[in-house]
**Student:** 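To start, I am sharing the structure in question, which I have written as C-alpha cells.
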Amino acid sequence: MRRFGKWLGRFLLVLVLVALAVGLWKREEITRLLAVNSLFSEDKIVHNFSNMNAAFLNTPVNRGAGPTSELTYGDEYAPHAAVETWIKERSVTALVVLKDGQIAYENYFLGTQPDDLRISWSVAKSYLSALVGILLEEGAIASIDDPVTKYAPRLKGTAYDGTTLRNVLNMASGVTFDEDYLDKNSDINRMGRILALGGKMDDFTAELTETFAAPGAGWKYVSIDTHVVGMVVRGATGKPIAELLSEKVVAPLGLEHSPYYLTDGVGTAFVLGGLNLTTRDYARFGQMFLQEGMWQGQQIVPAQWVRASTTPSAPTADGEIGYGYQWWIPVGAAPGEYMARGIYGQYIYIDTARNVVIATNAADRKFREAGVSQQNINIFREIAQGL
C-alpha cells in the first residue's frame with residue numbers, strides 16, 4: 001500500500017509538471033481564449049473594447065506621415081433629455097456629431113477617452129467595402145459579378161463555389177453560417193475561438209460546405225461573407241488588407257491615430273469586425289462618404305461606388321431594413337440616409353440631406369434585443385433634425 005501511494009504521488013507530480021509545461025507553452029493562446037470568454041462581461045466590456053490589442057494578435061494600419069486633417073468646431077448642439085437618457089440606457093461610450101463638416105457635439109462616457117482606439121465590430125465591414133470600390137476603379141478587381149473563386153481559388157469546392165463578389169457584398173451568398181452570439185457552439189463563436197487560439201481564418205472559411213439557398217436568392221446577414229470579400233481583395237492584389245487600407249483610405253484621410261486590425265495566427269486581418277480606431281476617425285470616414293468619397297480635394301473612394309454601395313440592393317424582404325454593399329439603409333430612409341453599424345452599438349450614421357454625420361461607440365450588451373436598432377436610428381434622426 002505504501003509503495004502504491006509512492007507511485008501515485010510521483011504520477012500526480014508528473015501530471016502537474018506536464019500541465020505547467022503545457023500552460024507555459026500555450027500561455028498566449030490560453031490568455032486569448034480566456035479573454036474571449038470574458039470579453040463581454042459587464043464589469044470588463046468597456047475596458048476591453050478600448051484595449052483589444054492587449055489580448056489578441058493584431059497588426060497596425062499605418063496612418064502615414066502626413067498631417068492630421070483638422071476637424072473644426074461649429075455651432076454647439078445641446079442634447080435633448082431623450083438623447084441623454086439614450087446615452088445611459090445604451091451604454092454609449094462616445095458620441096461625435098458633425099454638421100456641415102464641423103464638430104457640433106463631442107463627448108465621452110464611462111471612463112473612455114478621445115484617444116481610445118475602440119473596437120468597431122461590424123463597422124469595419126464598410127471600410128472594406130470602400131476598399132473594394134477603389135480596387136474596382138483601379139482595375140485590380142474586374143467586376144463584382146466575377147465569381148469569388150477567380151480571386152480566391154482556395155474556395156473552389158466549398159460552399160462559396162459559384163458565389164459572386166456581389167453576392168457576398170450583399171450578404172446574399174446562401175451559405176449556412178450560424179451567427180447566434182449566445183450559443184457557444186455557433187459558427188460565429190467557433191470562429192472567435194479560431195481567432196483567439198491563433199488558427200487560420202481562411203482554413204475555417206474553406207471548411208464551410210453547406211448552403212441554404214442559391215447565391216443571390218435571398219438575404220441573410222452572415223459575417224463570414226465579409227471574410228470572403230477580404231479573401232477576394234487579398235487575392236486580387238497580392239497584398240494584406242492592412243497595407244491596402246493604409247495606402248488607399250487611412251493615409252489620405254489624415255487620421256489622428258494609426259488604427260489596428262485584430263488578426264488570426266498568420267497575420268490575416270479580421271476584416272469582418274477587427275478594426276480599431278478612434279470615434280473622431282469614424283467621423284472623418286463618415287464625412288468623406290457624405291461628400292461622395294471626396295476629402296480635402298482628393299477623391300478617395302469613387303463617387304459612383306459611394307452611391308452604389310449605400311443604395312439598397314440586397315434581396316431583403318419587403319419592410320425589412322435595406323442593405324447595400326456592406327452598408328445598412330434604415331426602413332423608410334430618406335435619400336442619402338444610411339449607416340455602418342456594429343453589434344454592440346457602434347455606428348457611423350449619415351444624413352446627406354441635412355449634412356450630418358453621427359459617430360458612436362458603445363458597450364451595449366443588450367443591443368441584440370428587439371427594437372434597439374430602431375431606437376438608435378430614431379435618436380440619430382432626432383439629433384440630425386435638431387441641428
**Student:** Just by distance, do the side chain of Asn276 and the backbone of Pro259 share a donor-acceptor pair under 3.5 Å?
**Tutor:**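 A pair under 3.5 Å: no.
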**Student:** What I want to check is whether the side chains of Asn376 and Trp86 have a donor and an acceptor closer together than 3.5 Å.
**Tutor:** yes
**Student:** Would you say CD of Glu84 has more than 12 non-hydrogen atoms from neighbouring residues, nucleotides or ligands within 6.0 angstrom?
**Tutor:**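 Result for CD/Glu84: enclosed.
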**Student:** Any side-chain donor paired with an acceptor under 3.5 Å for Asp225 and Ser173?
**Tutor:**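 Judged by distance alone, the side chains do pair up.
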**Student:** Any carboxylate oxygen within less than 4.0 angstrom of a Lys/Arg side-chain nitrogen, looking at Arg90 and Asp364?
**Tutor:** yes
**Student:** Would you indicate whether Gln304, at its atom CD, is surrounded by more than 12 heavy atoms from other residues, nucleotides or ligands within a distance under 6.0 Å?
**Tutor:** no
**Student:** How are the rings of Phe380 and Tyr349 set to each other: parallel, tilted or perpendicular (split at 30° and 60°)?
**Tutor:** tilted
**Student:** Take Asp187 and Glu179 through the side chain to side chain contact (heavy atoms under 4.5 Å, CB included) test and state the conclusion after the steps.
**Tutor:** CA-CA 6 Å; Asp187 293 320; Glu179 196 142 345; over 6 Å; no
**Student:** Should we say atom CG of Asp75 is surrounded by more than 12 heavy atoms from elsewhere, each under 6.0 Å from it?
**Tutor:**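 Incorrect, the count does not exceed 12.
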**Student:** Between Thr72 and Gln102, is the side chain to side chain donor-acceptor pair (under 3.5 Å) condition met? List the steps.
**Tutor:** CA-CA 5 Å; Thr72 59; Gln102 296 182 306; 3.2 Å; yes
**Student:** Are Gln374 and Asn378 close enough that a side-chain donor and a side-chain acceptor fall under 3.5 Å?
**Tutor:** yes
**Student:** Mind listing the closest non-hydrogen atom pair of Leu71 and Leu98 along with its distance?
**Tutor:**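 Looking at all heavy atoms of both residues, the shortest contact is CD2-CD1, 4.4 Å.
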**Student:** Is Glu76 atom CD crowded by more than 12 heavy atoms from other residues, nucleotides or ligands, each under 6.0 Å away?
**Tutor:**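 12 or below, so no.
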**Student:** Using every non-hydrogen atom in the two residues, find where Phe177 and Lys220 come nearest and quote the distance to one decimal.
**Tutor:**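 Here Phe177 and Lys220 meet closest at O-NZ, 4.3 Å.
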**Student:** If I compare all heavy atoms of Arg118 with all of Ala363, which pair ends up nearest, and what's the gap?
**Tutor:**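 Closest approach of Arg118 to Ala363: NH2-CB, 4.4 Å.
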**Student:** Could you go step by step and tell me if Thr164 and Asn167 meet the side chain to side chain donor-acceptor pair (under 3.5 Å) rule?
**Tutor:** CA-CA 5 Å; Thr164 66; Asn167 296 151; 3.0 Å; yes
**Student:** Just checking, any donor-acceptor pair under 3.5 angstrom between side chains of Asn170 and Ser313?
**Tutor:**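 A donor-acceptor contact under 3.5 Å links the two side chains.
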**Student:** Between Gln326 and Thr226, does any side-chain donor sit less than 3.5 Å from a side-chain acceptor?
**Tutor:**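 Yes, because at least one side-chain N or O of Gln326 sits under 3.5 Å from a partner of the opposite role on Thr226.
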**Student:** Can a donor-acceptor pair be found, under 3.5 Å and without considering hydrogens, that links the side chain of Thr352 to the backbone of Gly336?
**Tutor:** yes
**Student:** Are Leu272 and Phe40 connected in a single hydrophobic cluster, I mean Ile/Leu/Val/Met/Phe/Trp/Tyr linked by side-chain heavy atoms less than 4.5 Å apart?
**Tutor:**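 Linked within one cluster.
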**Student:** Go through Val232 and Ile141 one step at a time and tell me if the side chain to side chain contact (heavy atoms under 4.5 Å, CB included) criterion holds.
**Tutor:** CA-CA 8 Å; Val232 168; Ile141 297 173; 4.3 Å; yes
**Student:** Please report the shortest heavy-atom distance between Phe49 and Ala362, naming the atom on each side.
**Tutor:** CD2-O, 3.6 Å
**Student:** If we count only N and O atoms by modelled type, under 3.5 Å, do the side chains of Asp100 and Asn355 hold a donor and an acceptor together?
**Tutor:** yes
**Student:** Quick test of your reading of the model: are Arg166 and Asp145 salt-bridged, counting only N-O distances below 4.0 Å?
**Tutor:** yes
**Student:** Given the side-chain rings of Tyr347 and Tyr282, with only the six-membered ring counted for Trp, is the space between their centroids under 6.0 Å?
**Tutor:** no
**Student:** Testing the basics here: between Thr149 and Leu155, what is the closest heavy-atom pair and its distance to 0.1 Å?
**Tutor:**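 Looking at all heavy atoms of both residues, the shortest contact is CG2-C, 3.8 Å.
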**Student:** Would you call the rings of Phe285 and Trp327 parallel, tilted or perpendicular if under 30° counts as parallel and over 60° as perpendicular?
**Tutor:**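 The rings of Phe285 and Trp327 lie parallel, inter-plane angle below 30°.
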**Student:** Is Arg280 reaching over with its side chain to a backbone N or O of Glu256, donor-acceptor style, under 3.5 angstrom?
**Tutor:**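 A pair under 3.5 Å: no.
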**Student:** Are a donor atom and an acceptor atom from the side chains of Ser373 and Arg341 found within less than 3.5 Å of each other?
**Tutor:**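 Ser373 vs Arg341: donor-acceptor pair found between side chains.
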**Student:** Please check if the distance between the ring centroids of Tyr338 and Trp328 is under 6.0 Å.
**Tutor:**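 They do not qualify: ring centres at least 6.0 Å apart.
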**Student:** Got a donor-acceptor contact below 3.5 angstrom from the Thr360 side chain to the Gly345 backbone?
**Tutor:** yes
**Student:** Look at atom CD of Gln385 and say whether more than 12 heavy atoms of other residues, nucleotides or ligands are closer to it than 6.0 Å.
**Tutor:**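 More than 12 heavy atoms, drawn from other residues, nucleotides or ligands, come within 6.0 Å of this atom.
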**Student:** Examine the side chains of Ser223 and Lys125 and answer whether a donor and an acceptor come within less than 3.5 Å of each other.
**Tutor:**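 Per modelled atom types, Ser223 and Lys125 side chains form a pair under 3.5 Å.
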**Student:** For residues Trp121 and Phe270, establish whether the separation of their ring centroids is below 6.0 Å.
**Tutor:** no
**Student:** Within the supplied structure, the quantity of interest is the number of heavy atoms (other residues, nucleotides, ligands) at a distance under 6.0 Å from His257 NE2; does it exceed 12?
**Tutor:**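 Enclosed: over 12 neighbouring heavy atoms sit under 6.0 Å from NE2 of His257.
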**Student:** Go through the side-chain N and O atoms of Asp146 and Ser143 and say whether any donor and acceptor fall under 3.5 Å apart.
**Tutor:** no
**Student:** So, Thr205 versus Asp202: side-chain donor-acceptor pair below 3.5 Å or not?
**Tutor:**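 There is no such pair between these side chains.
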